[in-house]
Amino acid sequence: TSLAMGGNIEQSAFALLWGTWWLGDIVGALIITPLLLTWFPATLSSWRTAHPFEAWCLFSGAIFCAVLVFSD
């Protein structure tokens, strides 16, 4: 938004640029969040059984995002 308001990008390119930044942030969150949850040990024993599920979520989220980004 600040790029468009500052005149650094055309108004017609705002939606595409905003979507690109948003997708990049989501991909970062999908990759980093499960890794942080896996690396930092939880004090609750119920969290320890969730590691395979977190790994599966990380893998499936990465594949989903890759399909979205690289599909024509």
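We use all heavy atoms of the structure for the numbers below, so side chains are in, but hydrogens, waters and symmetry mates are not. From a predicted model like this one, the values you see are computed outputs, not experimental measurements.
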> Can you tell me if CZ on F59 sees more than 12 non-hydrogen neighbours from other groups inside 6.0 Å?
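Check fails, neighbour count at 12 or below.
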> Could you list the residues that satisfy side chain to side chain contact (heavy atoms under 4.5 Å, CB included) with L3, not counting sequence neighbours?
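If we apply the side chain to side chain contact (heavy atoms under 4.5 Å, CB included) test to L3, skipping adjacent residues, the hits are N8, I9, L17.
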> For residues 23-30, run the donor-acceptor check on the side chains, cut-off 3.5 Å, and write out each pair with its distance to 0.1 Å, sequence neighbours left out.
none

